[in-house]
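To start, the structure under review is shown below, and the notes come after it.
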Amino acid sequence: MSSNGNGRQPPQTPKGKQPKEQNDDTFQLSRVFLAFTQLPRVIRLVWSTSPLLTIIMALISFASGFLPALSVWITRGVVDSVITAAFSRTHTLGMVWFFVGAQMVVGLGQNLLSTLSNIAQQLLQERVSNRVQAMILEKANTLDLAFFEDAEFYDKLRNASDESSYKPMSIISQLFDFAKTLVTLFSMLFLLLNLTWWLAVIALLMPIPSFISSTRYGWRGYKKMRRQSPERRRMMYLNRLMTTDTYNKEIKLFSLGHFFINQFKDLAETLYQEDKRIVVRRYLASFAWSSLSAVANSAIYIYVALRAVIGAISIGSLTMYTQAIIQVGSSFQGILGDLSGIYESNLFVDTLYQFLEYQPRIVSPAQPNALQRDSNSPGLAVEFRNVSFTYPGKDPETEAALKNVSFAIKAGEAIALVGRNGAGKTTLVKLLTRLYDPDAGQILIGGRDIREYDIEELRSVVGVIFQDYVTYYMSARENIGVGQIDEIENLELVERAAGKSGANAVITKLHDGYATMLGRWFKDGTQLSGGEWQKVALARAFMRNAPILVLDEPTSSLDAHAEYEIFTKFRLLTEGKTAIFISHRFSTVRLADRIFVIEEGVLKESGSHAELLALDGRYAELFNLQAEAYR
Ligand SMILES: Nc1ncnc2c1ncn2[C@@H]1O[C@H](COP(=O)(O)OP(=O)(O)OP(=O)(O)O)[C@@H](O)[C@H]1O
């Protein structure tokens, strides 16, 4: 995205930290080494998650690396001692027993180590994955609302939480496996060198082409994941549409099921075709290279067999060398496989760290000023001075949401915001609570620019319920208690807040009162009606007990009686706090001390109901239009 000309940048990973692969689709082997740059970070992450489990895994890997060579060496002992026993006259079985016994000990040892390794790995995997998921949530919690409205950010967030949470542990497992196989490789090479050096070299070289090919496909797999991310997200969305209760009604009534299912199937088919190409090519290439290795192994086999025929080596040695050759090849292949696996996982982990590097733009100042409450009023004064704002990616000339808006609200005043859909009313509230910062101008609360306050403190003095309020699928008490999280257990406060909004009458009728689980998602959940949910949300705003109360269409779903109840008692309920409410219902609006009419991002008119009617401007027009409809 380009800058939209108002000086703000859309959310991006900090410049200079993007890995080179981001901008280039071609694969180069040299990049393989670049992609290991995350390794130290990953090791630190896993180590700090559980040093004990990491040490256990490292020790087990190192120890089990020696066992294959030991086993091959013992095999020679078994064969040679059997032949000696068979062809000598004494038939002494002592050595046979010894070597077979040793083989059994090695076998049991191998079994024990792999069991321990599996246990350590699974436990560590779970802890690392949980920790990474928590890190992603923590990061998401710090980021501005604007990030969540950006598709690129969303893709990264999805990729980070879907793929990357288990990848750090894959890297560590592959790294330990790499170390283990390295030990096996060197111990096998040590055995082979007794026979001839060039066989060791050939066995080493064989797996290299296979490594290059597999790394290239790892790269392609990663690029594919990045490319397909928007489609996969769309599939997830369709899946949610089809399986979530809130959408189900409309989908049934509009017969949209097949329409969405077909979209899902089309996307799935396109992705499948792309996946198929990569999978088939990857495994065919791997088949070709491993066939070549098999042929080369047979040639070496013949050479060693002929050495045994002419008596240059014993039959036991024949067995040992042939096994060692095969193991050198497979160990080296294993090492390269681990390397390309680490490389592939690294690419994913890179996405995770790119996500974790996002920095919020809306932050508290280094030295925040404390908010001074007004001693004469339970409310706080609010002022907008020449505030302009355009949403990211929109043109400030033609698509500004607010243009040069100025007004002052006294502490304790009740203000209604009116205006058509899309006029900028909700945007004004978002700016007041620093969900966005204005591009120009200043917003003041209690006489100071809101950017001078700590964000948490600022938000604690503004109680807001948006028109798209959240319906938490939790108990009724929690639904209201979250309005003031440190009082969530205080049933008395919760009940008082519920009493003000009319939610108390709803909740006391439920089978478990305030303990009733709301929503249908969880066991014994009760679904509420739209208006009942709104009363619960409204109670949350009262629970907050903030000096400034902002209600965005707070009574849109309430029945006439409930709305009347709230608004006749509005001043009583708000206890003299500063109140800003947005409403399209003029019966509600006229209760405000003053009314602000917003039109296309501009404050057009302001004054009391009577003043604005007398003005006979836009307000009078809208009011009369609505009144007309009731006649
Ligand atoms: N997150 C967003 N990203 C981009 N544009 C947005 C966003 N939210 C709102 N807008 C645009 O900003 C303008 C003002 O929207 P706003 O939500 O403030 O209107 P409103 O007056 O509250 O409308 P309504 O009465 O329908 O709730 C609209 O043109 C809208 O399309």
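First listed ligand is number 1; within each ligand, the first listed atom is number 1.
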Provide the number and element of each atom of ligand 1 under 4.0 Å from a heavy atom of [X].
X: His584; result: 25 (O)
X: Ala423; result: 19 (O), 20 (P), 21 (O)
X: Gln467; result: 27 (O)
X: Lys430; result: 8 (N)
X: Tyr436; result: 1 (N)

Note the single closest protein heavy atom to [atom], along with its residue, its atom name and the distance in Å.
atom: atom 12 (O) of ligand 1; value: Tyr391 CE1, 3.3 Å
atom: atom 31 (O) of ligand 1; value: Lys394 NZ, 3.8 Å
atom: atom 22 (O) of ligand 1; value: Thr426 OG1, 2.6 Å
atom: atom 26 (O) of ligand 1; value: Asn421 ND2, 2.9 Å
atom: atom 18 (O) of ligand 1; value: Thr427 OG1, 2.5 Å
atom: atom 25 (O) of ligand 1; value: Lys425 NZ, 2.8 Å

Where's the contact between [X] and ligand 1, heavy-atom distance under 4.0 Å: side chain, backbone, both or neither?
X: Glu399; result: neither
X: Phe389; result: neither
X: Glu149; result: side chain

Looking at [Y] and [X], is there a salt bridge between them, counting it only when a charged N and a carboxylate O are closer than 4.0 Å?
X: Arg618; Y: Glu621; value: yes
X: Lys224; Y: Asp275; value: yes
X: Arg227; Y: Glu274; value: yes

>> Could you report the tightest heavy-atom contact between Arg477 and Leu491, atom names first, then the distance?
In response: CD-CD1, 3.7 Å

> Between Ile362 and Leu435, what is the shortest heavy-atom contact and its length?
Replying inline: CD1-O, 3.4 Å

>> Looking at ligand 1, would Gly424 count as a contact under a 4.0 Å heavy-atom criterion?
In response: yes

> Any non-hydrogen atom of Phe148 lying under 4.0 Å from ligand 1?
Replying inline: no

>> In terms of relative ring orientation, are Phe355 and Tyr358 parallel, tilted or perpendicular, with 30° and 60° separating the classes?
In response: perpendicular

> Relative to the ring of Phe148, is the ring of Phe153 parallel (under 30°), tilted (30 to 60°) or perpendicular (over 60°)?
Replying inline: perpendicular

>> If you measure every N or O of Gly422 against every N or O of ligand 1, does any of those distances drop under 3.5 Å?
In response: yes

> Can you tell me if Lys535 and Asn504 form a side-chain donor-acceptor pair at under 3.5 Å?
Replying inline: no

>> In the structure I gave you, are the side-chain heavy atoms of Val550 and Phe581 within less than 4.5 Å of one another anywhere?
In response: no

> Glu357 pairs by salt bridge (Lys or Arg N to Asp or Glu O under 4.0 Å) with which of Lys156, Arg41, Lys139?
Replying inline: Arg41

> How about Arg240: does its CZ atom have over 12 heavy atoms from other parts shown lying under 6.0 Å from it?
Replying inline: no

